[in-house]
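Note: hydrogens, waters and symmetry copies are ignored here, and every other heavy atom, side chains too, is used. Each chain gets a letter, A, B and so on, in the order its sequence line appears, and its residues count up from 1.
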Number of protein chains: 2
Amino acid sequence: MMDYQPVFRSLADPTRRAILCMLKEQDLCIGDIADHFQMTRPAVAKHLKILNEADLVIIETQGRERINRLNLTQLMSAMDWFNYFDQFWDKQLNHLKQVVEDKVLEDKEQ
Amino acid sequence: MMDYQPVFRSLADPTRRAILCMLKEQDLCIGDIADHFQMTRPAVAKHLKILNEADLVIIETQGRERINRLNLTQLMSAMDWFNYFDQFWDKQLNHLKQVVEDKVLEDKEQ
DNA sequence: TTGACATGAAACCAAATGGTATTATATTTA
DNA sequence: TAAATATAATACCATTTGGTTTCATGTCAA
């Protein structure tokens, strides 16, 4: 049973979600990312630390730069949590279907 | 363009995720839900307020009780955010495929 | 080797978060 | 009608969060 907490905690912040979207396009170092936001570089570095701890971002040191790369496996795991509700979705649809069918039957019998 | 913030903020707390899972099984009033946790009822009520504001839970007053019902539409919208990364997933797989194919070609030419 | 650059680390702060206890209100039920 | 029930509302508190500034460190390039 996986611990969803670090991932969902990461996704709760709009800046962190934006960073993930940026990293979808290409790997970036902290400075590159910070340039896209109004906040200071240390603030962005903190967000990246949280993303890294949740294993959503992998950090690779290259000389004096640190390349941040998106790791999708944790996002996929988080989707499992959503899929848990799929059954409910089906159940709701089936219930609706049942209601409609019952209604049709009712109408016929009148 | 939808605002994902209320939903992702809601999902960041383990108690709230647990409440959503409980409501998947059946509609429940605040007291029922609070019985399943160690925290006080007002604390649970606060979580339900946040879930309601994110439209993840619909509250229906019946006499002195307030029935909490799961609303899946917002969860489905949140899944759209995840789906945005599917392309990246494909891209990664395609890249891997390309690398392997190139490797095979290389080997052939030797 | 010296200066510029990319980042880390620490101290600090305001606001949000997740909880509590207490009191008030409305609806059942005996 | 009076008591019990289900919840709302308020005030309060400790901790976490998201940001800042400042200073230190390691690496590249002239």
Send over the distance from [X] [atom1] to [N] [atom2], rounded to a whole Å.
X: B/Asp13; N: D/dT15; atom1: CG; atom2: P; result: 18 Å
X: B/Ile30; N: D/dT5; atom1: CD1; atom2: P; result: 17 Å
X: B/Ile33; N: D/dA8; atom1: CD1; atom2: P; result: 11 Å
X: B/Arg9; N: D/dT16; atom1: CZ; atom2: P; result: 17 Å
X: B/Lys46; N: D/dT7; atom1: NZ; atom2: C1'; result: 15 Å
X: B/Lys49; N: D/dA6; atom1: NZ; atom2: P; result: 23 Å

With nearest nucleotide decided by heavy atoms, which residue, B/Ile67 or A/Arg16, maps closer to the 5′ end of DNA chain D? B/Ile67
Residues 1-8 of chain B, side-chain donor-acceptor partners within the protein, below 3.5 Å, at least two apart:
unit_1 : atom_1 : unit_2  : atom_2 : d
B/Asp3 : OD1    : B/Gln5  : N      : 3.1
B/Gln5 : OE1    : A/Arg17 : NH1    : 3.0
B/Gln5 : OE1    : A/Arg17 : NH2    : 2.9
B/Gln5 : NE2    : A/Ala12 : O      : 2.9

Residues of residues 56-66 of chain A with any non-hydrogen atom less than 4.0 angstrom from an atom of DNA chain C: list those, numerically ordered, please. A/Arg64, A/Glu65, A/Arg66
If you round to the nearest 0.5 Å, how far is [atom2] of [Y] from [atom1] of [X]?
X: B/Leu70; Y: B/Lys24; atom1: CG; atom2: NZ; result: 9.5 Å
X: B/Leu20; Y: A/Phe85; atom1: CG; atom2: CZ; result: 5.0 Å
X: B/Leu48; Y: B/Leu28; atom1: CG; atom2: CG; result: 9.5 Å
X: A/Leu56; Y: A/Leu23; atom1: CG; atom2: CG; result: 10.0 Å

In chain order, what residues pass the side-chain contact (heavy atoms from CB on, under 4.5 Å) check against A/Ile59, with sequence neighbours excluded? A/Asn52, A/Val57, A/Arg66, A/Asn68
Shortest non-hydrogen pair, B/Ala34 vs B/Val44, comes out as CA-CG2, 3.8 Å
Looking at every non-hydrogen atom in both residues, tell me the closest pair between A/Glu25 and B/Tyr84 and how far apart they are. OE2-OH, 3.6 Å
Along DNA chain C, 5' to 3', what are the outermost nucleotides having an atom less than 4.0 Å from a heavy atom of chain B? C/dT17 to C/dT28
Tell me, which pairs form a side-chain hydrogen bond (donor to acceptor under 3.5 Å, both in side chains) where one or both residues lie in residues 33-50 of chain A, sequence neighbours left out? A/Arg16-A/His47, A/Lys49-A/Glu53
For A/Phe37, the ring-ring contact (aromatic ring centres under 6.0 Å, His included) test, sequence neighbours excluded, returns none
Quick one: are A/Leu72 and B/Phe82 in side-chain contact, heavy atoms under 4.5 Å? no
Kindly state which residues belonging to residues 34-45 of chain A come within less than 4.0 angstrom of DNA chain D, counting heavy atoms of the residue only, listed by number. A/Met39, A/Thr40, A/Pro42, A/Ala43
